[in-house]
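What follows is a short report on a single structure.
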There are 2 protein chains.
Amino acid sequence: MSLEEPVPAQLPEVKRKRGQGVGAVFETLKHEILNLTLEPGSPIDEVKLAERFGISRTPIREAMVKLAGEGLVVTLPNRFTIVAPIDFANLPQFFDALSLMYRVTTRLAAANRTENELAAIRELQHTYTAAVEASDVPAMIEVNRNFHAAIARAGKNRYYTDLFVRLLDEGRRLLRLYYSSYNDKLPRIYLQEHEVMLAAIEAQDIEAADRIAEAHAEQIVRQIQNAMTEDRRLNAGISL
Amino acid sequence: MSLEEPVPAQLPEVKRKRGQGVGAVFETLKHEILNLTLEPGSPIDEVKLAERFGISRTPIREAMVKLAGEGLVVTLPNRFTIVAPIDFANLPQFFDALSLMYRVTTRLAAANRTENELAAIRELQHTYTAAVEASDVPAMIEVNRNFHAAIARAGKNRYYTDLFVRLLDEGRRLLRLYYSSYNDKLPRIYLQEHEVMLAAIEAQDIEAADRIAEAHAEQIVRQIQNAMTEDRRLNAGISL
DNA sequence: TGTATTTTCATTGTCGACACGAAATATTCA
DNA sequence: TGAATATTTCGTGTCGACAATGAAAATACA
């Protein structure tokens, strides 16, 4: 299941400042988990991580506790810590929550956005366009997440933003898993929808923002479901 | 700001099994934070905690990281960890999210509840009634939270349940803070509303569940706001 | 040869000690 | 006397070592 980086690069042996260790480990592992560089369900060895980062196990462990708190990792007491498996059984609930958060955050953004925030969102839309032009799928996935996270932040409700970002991150793993089915047409649909969303937020049209957010969510859910179905068809091709 | 337990009781020096320490510390501190036994903003000393629980600082620290992950505690690097302050500035957003989660979880409960879950919810309603009869305010606050958490669980969406429980817990601190304004009339209104909510869930009437959930949320928000206003009026009485 | 029991082994959970950082306090200098 | 600087103090962040645990390997037994 390895993607572009099968073996994580050894970090340079830089003397890190006190208190930087856990944060670095946390961010690095979070990235690798969301990029599927670390396979879901695979075990994580504290000692190897300690060697890799050139620090002792204590800060590694604290990073693991933080990762577990965000559900990125599951701890089996006295045994292993494993990368959180992708929970396909909960997918319908995931889609439901994702859809609601799309709507709520986009509504609030339309109501509460400042000019600065609007500019930041527009900037991300440009970056996304560039990624689409370059057919850079990983970049598209990452920027798409940042685009919606920026919208959520402009809505200024921490509770929604936190949940939404978590859902978007979990969605990143799903998209990565099925990104092979990305064809040229789909990203351009997203691009158009993002444009409409941006316009509704700029015009502070809450109901329009709500409608396009719901449509956008449905679009994405449908795409992932299609990708999964195709994937299953591929599996069905093997002899039984 | 101390309530009924100003000095946390010294725990008996029981030899705890491996791996039980962090959980015990986490649960105990979470309880004390939500009960306002630990004052919001007050510093937490790792060494004192280690002595209190009879374990070393390492598991204490892991518990702190977990508490920080749930927002119950704030870590100031190289300095302190403090009990999370109550963020009055974010109160409107808190109320907004609380209200939406009330609605969503109650809707889903009406749609998805099993007979067993219904019985469990009804049981908690009885416990709540008993607490009201006994005028036991702390019990009322705790059981009320458990009642709605049970409803959320019956809705079977982990994402909503997690956020809702977090919001309910944060609300517990607010209720504790203002529970002096609890008069005999209010709890009985809640009791009635809970009854209606239960009936809607039992009848699997999603729209009715939604309506009563929204009304219930508004009721609670209004009560807390009233309590805060009264509180401010009391402050206004002192000489300036 | 197959099953139950013991031993080994790998990996975690916990500990005590020490190094580092920021604030509080004492000291110097104008 | 007051500001700038050095020193102390206090608590955290990190380390290396060790004990507990559960799985796997080795052994005993029928």
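A quick note: this is a predicted structure, and the numbers were derived from the prediction, not measured. Chain identifiers are assigned alphabetically (A, B, ...) following the order of the sequence lines, protein sequences preceding nucleic acid strands; residue numbering begins at 1 within each chain.
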On the 0 to 90° scale, with breaks at 30° and 60°, tag the B:F164-B:H148 ring pair as parallel, tilted or perpendicular. perpendicular
B:I55 CD1 to D:dA19 P: how many Å, rounded? 19 Å
By nearest-heavy-atom nucleotide on DNA chain D, the more 5' of B:F80 and A:P59 is B:F80
Separation of C:dC20 atom P from B:N78 atom CG, nearest Å, is 12 Å
Residue B:R57, side-chain atoms from C-beta onward, closest of C:dC18, D:dG22, D:dC18: C:dC18
Whole-Å distance separating the CZ atom of B:F53 from the C1' atom of C:dT14: 16 Å
Let me know, please, whether A:K48 or B:E62 comes out on the 5' side of the other along DNA chain C by nearest nucleotide. A:K48
Using a strict cut-off of less than 4.0 Å between a Lys/Arg side-chain nitrogen and an Asp/Glu carboxylate oxygen, indicate whether A:R173 and A:E32 qualify as a salt bridge. no
Of A:I44 and B:P77, the one whose closest DNA chain C nucleotide lies more 5': A:I44
Quick one: is C:dT14 close enough that its OP1 or OP2 comes under 4.0 Å of any side-chain N or O from B:T58? no
Starting at atom CD1 of A:I82, determine the distance to atom P of C:dT12, rounded to an integer number of angstrom. 13 Å
Assess whether a salt bridge exists between B:R166 and B:D169, defined as any Lys/Arg side-chain N lying under 4.0 Å from an Asp/Glu carboxylate O. no
From CG of B:L49 over to C1' of D:dT12, roughly how many Å is that when rounded to an integer? 13 Å
State the CG-CG distance between A:N157 and B:L100, to the nearest 0.5 angstrom. 9.5 Å
When you match B:D45 and A:S56 each to their closest nucleotide on DNA chain D, which lands nearer the 5' end? B:D45
What's the CG-P distance between A:L76 and C:dT12, to the nearest Å? 11 Å
Quick note, B:R18 side chain, CB onward, closest among C:dT12, C:dC20, D:dC15 is C:dT12
Between atom CD in A:Q20 and atom P in C:dA19, what is the gap in whole Å? 21 Å
Find the distance A:I60:CD1 to C:dT14:P and express it as a whole number of Å. 18 Å
Test item: A:P43 and A:T81 side chains (from C-beta on) under 4.5 Å apart, heavy atoms: no
